[in-house]
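Each remark here refers to the structure printed beneath this line.
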Amino acid sequence: MSDQRVLAKEFEIIAALLEISGANAFRVNATKKVSRVLQDFEGDLHAIAATPGGLEALDGIGKSSAEKIRQWCDAGTIDELETLRSEIPPGLIGLLDISGLGPKTVGRLWRETDIVDRAGLARGIEDGTLAALPRMGAKTIANIKDSLEFAEQAAERTSIGIALPLAELLLEELGSLPGVNSIEYAGSLRRGCETIGDIDLLATCDDPAPLIETFTQAPGVTKVLASGDTKASIRLKDGIQVDLRIIDAEAIGAARMYFTGSKEHNVKLRHLAQARSLRLNEYGLFPDDGQQEPPQQRGIAPIAAATEEDIYAALDLPFHPPELREERDAIEIPPPPLLTLADIACDLHTHTTASDGHLPIAAMAEEAMRCGYHTLAITDHSRSSVQANGLSVERLLEHVAAIREVDAATPGIRLLAGSEVDIHADGSLDYDDDVLAMLDLVVASPHAALRQPPEEATSRLIAAVSHRHVHVLGHPTGRMIGRRPGLEPDMRAVAEAAAKHGTALEINANPSRLDLRDRHVRIAMESGALISINTDAHAAAHFAFMRYGVLTGRRGGLTSEQCINAWQADRLLAWLD
DNA sequence: GCCGTTTTCGGCCCGACTGTTTTCAGTCG
């Protein structure tokens, strides 16, 4: 893990310990923000720490945090963290993740009981220690017990590849109920995040009660977490939480904006609203008359509420698509026109039964035509990928001939004979130049040695993108979300080399990969590198992964101009030549 | 702890729901 990622975790721990100790909530928030800034930071942490004022120039990092970061760079520890650790049992941090337990309660456990970790909590529930605390009734304790058991076995976040199809299924089922006028998803799912904490649904309907009832009693619901007049939360049997909110149709824009987030984007919007003597909440943008009671409860008409566009316009801001509403996205700057799924006209990285795919060439061509593509590249594995049945030079030559044969026999789509060539640890490729030269398209990808140090990874990938026969750098880091971190190269250096040599960087659209990731796409855009979004399809169903790649591209600010999959066939072919 | 077109002090987003409590604290998103 890179230094800034390790340090981001340290600040996360500081924030959690401060929270338990009862520190000022704004100080806790500020510390959490430092963690997020470090998490997102791309560049050389030690270099920026050594530059006077360098750290302080980052939004959210002030003098005090900069000092701590420099201390960590020099000594490998932070005094404040060591002090906190010596005072507060670290096992308490694991209690903050249990739904229903917040900082106040965990702080109480620390000061007033002998419960210092999850095992202690389980004991305290049984032996009555918990029940002795104020405001701890039977129901609260039962909820905590349930959350504790759930937290012990649940995965942290759900892949968008699981959450999005599930959400679409829910929309179909709930949307067909009588009296439901509209239903849609919001939240991190709508922003296209690679993993989803829970699914947020927004509905407009004639009568909320029957919808809430159907929702909370649906098959697959293992627990009803909340059920009110306008909001309900359930947990499904696979552990995913779904929140449903009932919205007034006139205020759907404000609700969309509010529940899509991100939280940080909303906070920025509220700040700007305040500066204009306005008040923004999930019911609309209102004039701020200084009264405490929410304006919508006093019959005050909103200035804007029906659409998100109205609200941005009323704040004199450009519209931001959901994918560009993260903390890192500047709010005043108009976003570029983003690539859409409809722009995608080809897939340039797919596999067949020749290596480890499930379909023969002709069947893959059929699927690509169903997607409306003008071109499909067949790129089976190279010889080093033994586990994936990689092709020897001899088998590759036969395969190329077979691809050209199917291409000639299949009007309506152009098939490219390519290869996904292994990039060896030293940056050399798995086939000789004369072999690569006869291919229509070369995707070069790292598959092994994915734990090599960042400097080696950087030169390895720069060597690949600089190679005269390489068109696309496939899944550049080799990461698998939640399973392995992959390479951590200096992505700006790789992107600059790619831009210089006219090589495209891939967004591998498989939802387990999404590699490049969103923040790397941003760097590629800034460096002027081209992007190629490919599904790496090994089966018919994998062609549908394209949308996850497009979402990731959009989160990085990708335009159709800079994405070679959006180009017309002749332009693409000219570029390949 | 951070920040500044109300600037070096005094703020820091806002509402729903639950459970325990008789008016609201704590948690969540």
For A:Lys33, report the nucleic acid contact type (base, sugar-phosphate, nothing); a contact means any heavy atom under 4.0 Å.
-> nothing

Using atom C1' of each nucleotide, how far apart are B:dC28 and B:dC13 to the nearest Å?
-> 14 Å

B:dG19, B:dC17, B:dG1: which one has an atom nearest the side-chain heavy atoms of A:Lys139?
-> B:dG19

Cationic tip of A:Arg492 within the cone over A:Phe41's six-membered ring, i.e. under 6.0 Å and within 45° of the normal?
-> no

Presence of A:Tyr283 side-chain N/O under 4.0 Å of B:dC13 phosphate oxygens OP1/OP2 = no

Which pairs, protein N/O on one side and nucleotides 26-28 of chain B N/O on the other, fall under 3.5 Å?
from: B:dG26; atom 1: O3'; to: A:Thr105; atom 2: OG1; distance (Å): 3.4
from: B:dT27; atom 1: OP1; to: A:Gly102; atom 2: N; distance (Å): 2.7
from: B:dT27; atom 1: OP1; to: A:Gly102; atom 2: O; distance (Å): 3.2
from: B:dT27; atom 1: OP1; to: A:Thr105; atom 2: N; distance (Å): 3.1
from: B:dT27; atom 1: OP1; to: A:Thr105; atom 2: OG1; distance (Å): 2.4
from: B:dT27; atom 1: OP2; to: A:Lys104; atom 2: N; distance (Å): 3.2
from: B:dT27; atom 1: O5'; to: A:Gly102; atom 2: N; distance (Å): 3.4
from: B:dC28; atom 1: OP1; to: A:Gly100; atom 2: N; distance (Å): 2.6

Looking at every strand, decide which applies to A:Ala138 at a 4.0 Å heavy-atom threshold: base, sugar-phosphate, or nothing.
-> sugar-phosphate

Quick one: do A:Asp40 and A:Arg5 make a salt bridge, cutoff under 4.0 Å?
-> no

Please state the P separation for the pair B:dA16 and B:dT22 - nearest whole angstrom.
-> 23 Å

Count the heavy atoms belonging to other residues, nucleotides or ligands that lie under 6.0 Å from CD of A:Glu172, then report whether that count exceeds 12.
-> no

Indicate, with a heavy-atom threshold strictly under 4.0 Å, whether A:Asn143 touches base, sugar-phosphate, or nothing.
-> sugar-phosphate

By nearest-nucleotide position on DNA chain B, the 5'-leaning member of A:His271 and A:Gly137 is A:His271

With rounding to whole Å, what would you report as the distance between B:dT5 and B:dG1 at their P atoms?
-> 23 Å

Check the distance between B:dT18's C1' and A:Asp146's CG and give it to me in whole angstrom.
-> 15 Å

Side chain to side chain contact (heavy atoms under 4.5 Å, CB included) between A:Leu95 and A:Leu109, intermediate numbers included = CA-CA 10 Å; A:Leu95 298 183; A:Leu109 290 176; 4.0 Å; yes

Using the C1' atom on both, measure B:dT20 against B:dT27 and round to a whole Å.
-> 14 Å

Under 4.0 Å between a side-chain N or O of A:Asn266 and OP1 or OP2 of B:dC13?
-> no

Does OP1 or OP2 of B:dG15 have a side-chain N or O of A:Arg279 closer than 4.0 Å?
-> yes

Identified pairing partner of B:dC17, criterion: Watson-Crick or G-U wobble below 3.5 Å | B:dG26

Could you tell me whether the side chains of A:Asn181 and A:Thr204 share a donor-acceptor contact shorter than 3.5 Å?
-> no

Mind calculating the distance between CZ (A:Arg270) and P (B:dG15) to the nearest angstrom?
-> 7 Å

Step through the shown structure and confirm whether more than 12 heavy atoms of other residues, nucleotides or ligands are within 6.0 Å of NZ on A:Lys268.
-> yes

Which part of the nucleic acid does A:Leu269 contact within heavy-atom distance under 4.0 Å: base, sugar-phosphate only, or nothing?
-> nothing

Take the protein atom CD1 of A:Ile69 and the nucleotide atom P of B:dG1, then report the distance between them rounded to whole Å.
-> 13 Å

Just how far, in rounded Å, is P of B:dT5 from CG of A:Asp316?
-> 17 Å

Would you indicate whether A:Lys223, at its atom NZ, is surrounded by more than 12 heavy atoms from other residues, nucleotides or ligands within a distance under 6.0 Å?
-> yes

Phosphate-side-chain proximity, A:Ser65 and B:dC2, N/O vs OP1/OP2 below 4.0 Å = yes

One should read off an interatomic distance between A:Ile48 CD1 and A:Arg70 CZ, to the nearest 0.5 angstrom, of 10.0 Å

Separation of the C1' atoms in B:dG10 and B:dG15, to the nearest angstrom = 24 Å

Under-4.0 Å side-chain N/O to phosphate OP1/OP2 contact, A:Thr230 with B:dG15 = no

Which whole-number value in Å describes the distance from A:Glu80 CD to B:dG1 C1'?
-> 9 Å

Residue pair A:Ala30/A:Asp198 against DNA chain B: nearer the 5' end by closest nucleotide is A:Ala30

Determine, for A:Glu12 against A:Lys33, whether the closest basic-nitrogen to carboxylate-oxygen distance falls under 4.0 angstrom.
-> no

Classify the nucleic acid contact of A:Phe259 as base, sugar-phosphate or nothing, counting any heavy atom under 4.0 Å across all strands shown.
-> nothing

A:Gln274 versus A:Asp288, side-chain donor and acceptor atoms under 3.5 Å | no

Say you pick atom P in B:dT6 and the same atom in B:dC2; how far apart are they, in whole Å?
-> 23 Å

Tell me: CG of A:Asp200 to P of B:dG29, nearest whole Å?
-> 9 Å

Using a cut-off of 4.0 Å on non-hydrogen atoms, how would the nucleic acid contact of A:Ser227 be classed: base, sugar-phosphate, or nothing?
-> sugar-phosphate

For A:Leu272 and B:dG4, what is the distance between atoms CG and P respectively, to the nearest whole Å?
-> 12 Å

Expressed in angstrom and rounded to an integer, what is the separation of A:Phe26 atom CZ from B:dG10 atom P?
-> 15 Å

With rounding to whole Å, what would you report as the distance between B:dT8 and B:dC3 at their P atoms?
-> 16 Å

Pick base, sugar-phosphate or nothing for A:Lys68, based on heavy-atom distances below 4.0 Å to the nucleic acid.
-> sugar-phosphate

